[in-house]
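Throughout, protein chains are lettered first and strands after them, A, B, ... in sequence-line order, and every chain is numbered starting at 1. Only heavy atoms go into these numbers, but all of them, side chains included; no hydrogens, no water, no symmetry mates.
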There are 2 protein chains.
Amino acid sequence: MPPEEMTPRRRNRRNEILEVAGELFARHGVDAVTTRRIAQAVGISQPSLYAHFASLQQIQDEVAAEAFARLEQAISSADGESPETQLEKAVRGYFDFGLSHPYAYRIAFMVEYPADKPDPADPSVSAFFQTDHPGPRASEHLCRIVGLNRPDLSAKAVIMRSQSLWASLHGLVSLLLARPAFPWGEKQELVDEHSRLACKMVFD
Amino acid sequence: MPPEEMTPRRRNRRNEILEVAGELFARHGVDAVTTRRIAQAVGISQPSLYAHFASLQQIQDEVAAEAFARLEQAISSADGESPETQLEKAVRGYFDFGLSHPYAYRIAFMVEYPADKPDPADPSVSAFFQTDHPGPRASEHLCRIVGLNRPDLSAKAVIMRSQSLWASLHGLVSLLLARPAFPWGEKQELVDEHSRLACKMVFD
DNA sequence: AGGTAAAAGCTATCGCTGATAGGGTGGCTT
DNA sequence: AAGCCACCCTATCAGCGATAGCTTTTACCT
């Protein structure tokens with residue numbers, strides 16, 4: 001059922017659950033948050049969650065989607081400025097988002113792809129790449145910005161370059177999230193230097 | 001107990017369990033492999049696993065460590081050749097490894113860091129960064145190769161650059177593993193182009 | 001060869017997980 | 001006022017990782 005067709009009471013409960021779940025994900029990590037913990041924090045019984053969501057996975061997906069709307073906003077916040085400025089701000093926004101929403105980032109991009117379910121039509125696989133989802137929209141923004149900076153490249157080359165850029169940004173974010181105990185030196189310095197190199201990479 | 005102090009029978013069982021678990025991880029994905037499935041495939045009861053390993057996590061870690069020895073080998077396989085050749089072969093070896101050992105890669109670098117256990121001394125967190133582990137050894141090789149290619153940089157700058165390179169490689173591998181259904185275009189072409197950009201990044 | 005102690009297997013069980021079945025209750029609509 | 005339906009509840013299920021306690025098998029040492 002689309003949200004706008006829901007009764008206000010139902011929508012409020014849904015939003016309340018998503019809000020509480022988001023706080024728990026941020027505080028305890030995605031894997032440590034169970035349906036019973038969410039239900040207890042909301043103040044309802046565990047099975048009652050299933051009147052609003054089909055599964056725990058769906059709750060995780062919707063919480064992550066909400067956070068990703070902010071990534072899209074961060075990436076495209078420099079609309080109208082010079083291509084270089086847009087690129088720099090997008091890169092900066094990407095790191096800010098990933099490092100300050102680790103749980104959403106993990107849900108979206110660090111989950112395992114089940115090897116015995118290689119069906120791209122599986123909704124659990126492709127949910128994040130439907131056109132109305134903030135995740136792919138964010139990557140489209142990135143692609144557009146790369147195109148602005150490299151009008152000399154073909155459309156295909158722009159796509160590949162933006163995917164390389166995305167991979168490069170994603171790599172540092174996910175490593176910093178997955179291995180916070182690694183001897184990274186000064187993290188902010190590493191992020192700054194990596195941002196510089198990633199921007200330069202677009203022009204190689 | 002160190003492996004060399006084990007009785008041969010015990011060591012054989014251990015190795016058999018690790019081998020079977022590795023095949024199951026590769027075939028069904030890490031999350032789908034339970035202690036009961038491993039035990040059934042080996043031909044013993046589920047609790048019997050705990051005579052050889054303290055936890056499922058330990059089994060996962062040891063399987064991943066075994067695979068990572070191959071990454072270390074791949075990265076350092078060009079010892080003695082020119083710095084540029086060593087860099088190119090290391091980058092190539094990294095992609096070959098990550099894309100052909102997805103389960104090991106995921107165990108090692110795509111797991112969640114528990115937000116309420118920020119203790120770096122926690123063995124479950126730092127296991128992969130003990131000096132005798134293939135994971136950090138591989139990253140040290142990468143650092144050494146970057147140093148060979150950039151003798152002009154300070155030691156600190158070399159470390160940062162190698163971490164940027166690592167992040168860039170890791171980013172593409174983990175995205176390809178986590179999002180195989182994404183419209184990547186021709187994957188091999190993307191990997192080749194990204195390799196080229198990553199190598200260039202070292203010299204920026 | 002025989003005795004002994006540890007290694008390694010088993011069954012049974014615990015507390016937890018996500019998810020489902022089915023019955024009750026209260027508020028909005030007609 | 002009547003009725004419907006959205007919502008929440010208790011009870012329960014199968015499966016999970018892990019532990020307890022007992023039995024069998026193996027290996028070693030006299």
**Prompt:** A:Ile38 and A:Ala21: which non-hydrogen atoms are nearest, and at how many Å?
**Reply:** CD1-CB, 4.1 Å
**Message:** I need the CG-C1' distance between B:Leu49 and C:dA8, as an integer number of Å.
**Reply:** 12 Å
**Request:** Return the 5'-most residue of the pair B:Thr35, A:Gln46 with respect to DNA chain D, ranking by each residue's nearest nucleotide.
**Result:** A:Gln46
**Prompt:** Quick one: does A:Arg36 reach the base of C:dG18 with a side-chain donor-acceptor pair under 3.5 Å?
**Reply:** yes
**Asked** Do you know the tightest heavy-atom contact between B:His194 and B:Ser168?
**Response** NE2-O, 2.9 Å
**Message:** Tell me every residue that passes side-chain hydrogen bond (donor to acceptor under 3.5 Å, both in side chains) with B:Thr35, counting only those two or more places apart in sequence or in another chain.
**Reply:** B:Gln46
**Message:** In whole Å, I'd like the distance from the CZ atom of A:Arg14 to the P atom of D:dC7.
**Reply:** 11 Å
**Asked** Using a cut-off of less than 4.0 Å, is there contact between a side-chain N or O of B:Arg13 and OP1 or OP2 of C:dG9?
**Response** yes
**Prompt:** Which whole-number value in Å describes the distance from A:Gln57 CD to C:dT17 P?
**Reply:** 17 Å
**Request:** Remember a base hit wins even if backbone is also touched, and classify B:Ser45 as base, sugar-phosphate or nothing at under 4.0 Å, heavy atoms.
**Result:** base
**Request:** Would you tell me if any nitrogen or oxygen in the side chain of A:His52 comes within less than 4.0 Å of OP1 or OP2 on D:dC8?
**Result:** yes
**Request:** Return yes if some donor-acceptor pair links the side-chain N/O of A:Ser174 with the main-chain N/O of A:His170 below 3.5 Å, else return no.
**Result:** yes
Which donor-acceptor pairs under 3.5 Å do the side chains of residues 155-162 of chain B make with protein atoms, sequence neighbours left out?
| unit_1 | atom_1 | unit_2 | atom_2 | d |
| --- | --- | --- | --- | --- |
| B:Lys156 | NZ | A:Glu189 | OE1 | 3.3 |
| B:Lys156 | NZ | A:Glu189 | OE2 | 3.0 |
| B:Arg161 | NH1 | B:Met201 | O | 3.0 |
| B:Arg161 | NH1 | B:Val202 | O | 3.1 |
| B:Arg161 | NH1 | B:Asp204 | O | 2.8 |
| B:Arg161 | NH2 | A:Glu193 | OE2 | 3.1 |
| B:Arg161 | NH2 | B:Asp204 | O | 3.3 |
| B:Ser162 | OG | B:Ile159 | O | 3.0 |

**Interatomic distance where CZ belongs to B:Phe53 and P belongs to C:dG9 [whole Å]** = 11 Å
**Asked** Of all the nucleotides listed (D:dC9, D:dA20, C:dA8), which has the minimum atom distance to the side chain of B:Ala51?
**Response** C:dA8
**Prompt:** How far does the helix from C:dA1-D:dT30 to C:dT30-D:dA1 bend, going by the axes of its first and last five pairs, to the nearest 10°?
**Reply:** 10°
**Asked** Can you check the A:Gln40 CD to C:dG18 P distance for me, whole Å?
**Response** 13 Å
**Request:** Assess whether ring pair (Phe, Tyr, Trp, His ring centres under 6.0 Å) is satisfied between B:Phe97 and B:His101, documenting all intermediate values.
**Result:** CA-CA 6 Å; B:Phe97 168 77; B:His101 299 82; 4.9 Å; yes
**Asked** Atom OH of A:Tyr50 and atom P of D:dC13: how far apart are they, to the nearest Å?
**Response** 17 Å
**Prompt:** OP1, OP2 of D:dC9 versus side-chain N and O of A:Ser48: anything below 4.0 Å?
**Reply:** yes
**Request:** Report the distance from atom CD of B:Glu16 to atom P of C:dA8, rounded to the nearest whole Å.
**Result:** 13 Å
**Asked** Rounded to the nearest Å, what distance is computed from the CD1 atom of residue B:Ile38 to the P atom of nucleotide D:dA18?
**Response** 10 Å
**Asked** Is it the case that more than 12 heavy atoms not belonging to A:Gln73 sit under 6.0 Å from its CD atom?
**Response** no
